[in-house]
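Fair warning: this is a prediction, and the values are worked out from it, not measured in the lab. Hydrogens, waters and symmetry mates are skipped; everything else that's a heavy atom, side chains included, is used.
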Amino acid sequence: MAKRKIINTKLEILQCSMELFLEKGYTASYVTTIAQKLGISTGNLTFHFPTKEHLLAELVRELCVFQWQTMEKAATDGKSSLLAYLLELATIASVCDENPVAKDFYISAYTHSLPLKIIRENDTQKTKNVFSEYCKNWSETDFIIAENIVSGIEYSMLVTEDTEEVSLEKRIKSSLDVIMKIYDVPENIRKSLLQSVLSMDYREIGRNILNEFCIYVDEKNKAQLEKIAK
């Protein structure tokens with residue numbers, strides 16, 4: 001196989017990995033396959049990412065930033081970031097409900113220690129901002145404890161199979177309601193926000209989110225290459 005000219009190895013590895021994870025699923029993808037697709041040695045790849053879990057963790061870090069930017073644009077309540085936070089969780093649940101490969105990616109993120117740590121750290125900082133008006137007397141430890149509980153709720157929302165008794169909408173509604181209760185959001189506000197989330201086209205956002213993330217990584221890679229070339 002002719003080797004490609006790799007200039008920005010780390011970002012190209014991330015881009016290729018995400019494309020492969022979307023095609024085959026995280027579980028069925030291998031470091032050797034990624035290296036072959038890029039035309040680099042496995043040793044070169046593992047220099048940047050020692051294991052496949054390290055790759056997943058870095059992708060999750062990038063995805064957390066991308067998803068939040070996307071949700072803030074999609075949530076137009078104009079009052080706070082709380083609707084964006086809820087919409088993000090609904091979107092993840094919907095994409096897992098419809099796409100087994102995407103579900104494998106997200107479930108892997110919640111069941112491997114490195115990416116789960118990133119999810120919890122990212123969401124702890126996010127919830128400190130999102131729920132600040134309802135948790136004014138909370139300490140840093142309180143938010144950390146809450147996030148450990150909430151990440152478990154998020155995981156259960158993703159793994160539960162869609163049945164007539166437990167539909168996607170019911171899973172989203174009950175899970176988001178419990179999460180808001182944990183952060184002391186009043187009932188009338190919870191009801192209003194749930195109605196807003198469920199009225200939005202979160203399924204369509206979910207269908208596009210991971211493919212758009214690949215484009216985001218590609219554009220970031222190109223921007224860095226242009227910077228190097230100057």
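The side chain to side chain contact (heavy atoms under 4.5 Å, CB included) with Phe143 is formed by just one residue from the set Val150, Thr124, Asn148; it is Thr124.
Checked against the 6.0 Å centroid threshold, Phe213 and Phe66 count as a close aromatic pair.
Other residues, nucleotides and ligands place more than 12 heavy atoms under 6.0 Å from the OH atom of Tyr134.
Distance check: Leu11 CG to Glu58 CD gives 8.5 Å after rounding to the nearest 0.5 Å. Taking CG from Leu63 and OH from Tyr216, the interatomic distance works out to 9.5 Å, rounded to the nearest 0.5 Å. Between the CD atom of Glu72 and the OG1 atom of Thr70 there is a distance of 10.0 Å, given to the nearest 0.5 Å. Atom OG1 of residue Thr127 and atom CG of residue Asp123 lie 7.0 Å apart, to the nearest 0.5 angstrom. Interatomic distance, OG1 of Thr46 versus NE2 of His48, reported as 9.5 Å (0.5 Å rounding). Atom CD1 of residue Ile34 and atom CE of residue Met18 lie 11.5 Å apart, to the nearest 0.5 angstrom.
No chain of hydrophobic side-chain contacts below 4.5 Å, direct or via other Ile, Leu, Val, Met, Phe, Trp or Tyr residues, connects Val31 to Phe47. Note: the hydrophobic cluster containing Ile144 does not contain Val130 (ILVMFWY, side chain heavy atoms under 4.5 Å, direct or indirect links). In this structure, Leu116 is not a member of the same hydrophobic cluster as Leu114, with clusters built from ILVMFWY side-chain heavy atoms closer than 4.5 Å. Connection of Ile215 to Trp68 is not established within any shared hydrophobic cluster, with ILVMFWY side chains joined at heavy-atom distances below 4.5 Å, either directly or through further cluster members. Hydrophobic clustering of Ile, Leu, Val, Met, Phe, Trp and Tyr side chains at less than 4.5 Å, counting indirect connections, keeps Tyr26 apart from Tyr30.
Residues Glu204 and Asn208 are in side-chain contact: their nearest non-hydrogen atoms beyond the backbone lie under 4.5 Å apart. With contacts defined as side-chain heavy-atom distances shorter than 4.5 Å, the pair Asn122/Glu147 does not qualify. Tyr155 has its side chain within reach of Ile107: a pair of non-hydrogen atoms, C-beta onward, lies under 4.5 Å apart. A 4.5 Å side-chain heavy-atom check between Ser113 and Glu53 finds at least one atom pair inside the cut-off. The shortest side-chain heavy-atom distance between Ile13 and Ile40 falls under the 4.5 Å cut-off.
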Which atom pairs, donor and acceptor, lie under 3.5 Å between side-chain atoms of residues 82-93 and protein residues at least two apart or in another chain?
unit_1	atom_1	unit_2	atom_2	d
Glu88	OE1	Lys126	NZ	2.7
Glu88	OE2	Gln67	NE2	2.9
Thr91	OG1	Leu87	O	2.8

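The shortest non-hydrogen separation linking Lys24 to Val101 is C-CG1, 4.4 Å. Shortest non-hydrogen contact noted between Asn211 and Arg207 is ND2-O, 4.2 Å. Between Ile118 and Ala57, the closest heavy-atom pair is CD1-O, 3.2 Å. In this structure, Ile119 and Ala109 approach most closely via the heavy-atom pair CD1-O, 3.9 Å. Between Lys103 and Leu158 the shortest heavy-atom distance is CE-O, 3.4 Å. Scanning both residues, Ile182 and Ala146, for their nearest heavy atoms gives CG2-CB, 4.0 Å.
Looking only at atom types and distance, the side chain of Ser94 has no donor-acceptor partner in the side chain of Arg203 under 3.5 Å away. If you check the side chains of Asp142 and Ser139, you find a donor sitting under 3.5 Å from an acceptor.
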Checking Tyr202 against Ile172 for the side-chain contact (heavy atoms from CB on, under 4.5 Å) test, could you report, in this order, the C-alpha distance in whole Å, the side-chain angles of both residues, the deciding distance, and whether it holds?
CA-CA 11 Å; Tyr202 56 86; Ile172 290 173; 3.5 Å; yes
Show your reasoning for whether side-chain contact (heavy atoms from CB on, under 4.5 Å) applies to Tyr106 and Leu210.
CA-CA 11 Å; Tyr106 280 108; Leu210 292 181; 3.6 Å; yes
Evaluate Asp104 against Ser108 for side-chain contact (heavy atoms from CB on, under 4.5 Å), listing each step before the verdict.
CA-CA 6 Å; Asp104 177 70; Ser108 297; 4.0 Å; yes
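Between the Lys37 side chain and the Cys16 main chain, no donor and acceptor come within less than 3.5 Å of each other. Side-chain atoms of Ser192 do not come within 3.5 Å of backbone N or O of Asn188 as any donor-acceptor pair. Of the possible donor and acceptor atoms, one in the side chain of Ser29 sits under 3.5 Å from a partner among the backbone N and O of Gly25.
Applying the side chain to side chain contact (heavy atoms under 4.5 Å, CB included) rule to Lys117 yields the partners Glu121; only residues at least two apart in sequence or on another chain are considered. Take Arg190 and apply the side chain to side chain donor-acceptor pair (under 3.5 Å) test, not counting sequence neighbours, and it matches Asp177.
Of the charged side-chain nitrogens involved, none lies within less than 4.0 Å of a carboxylate oxygen, so that Glu169 and Lys173 do not count as a salt-bridged pair.
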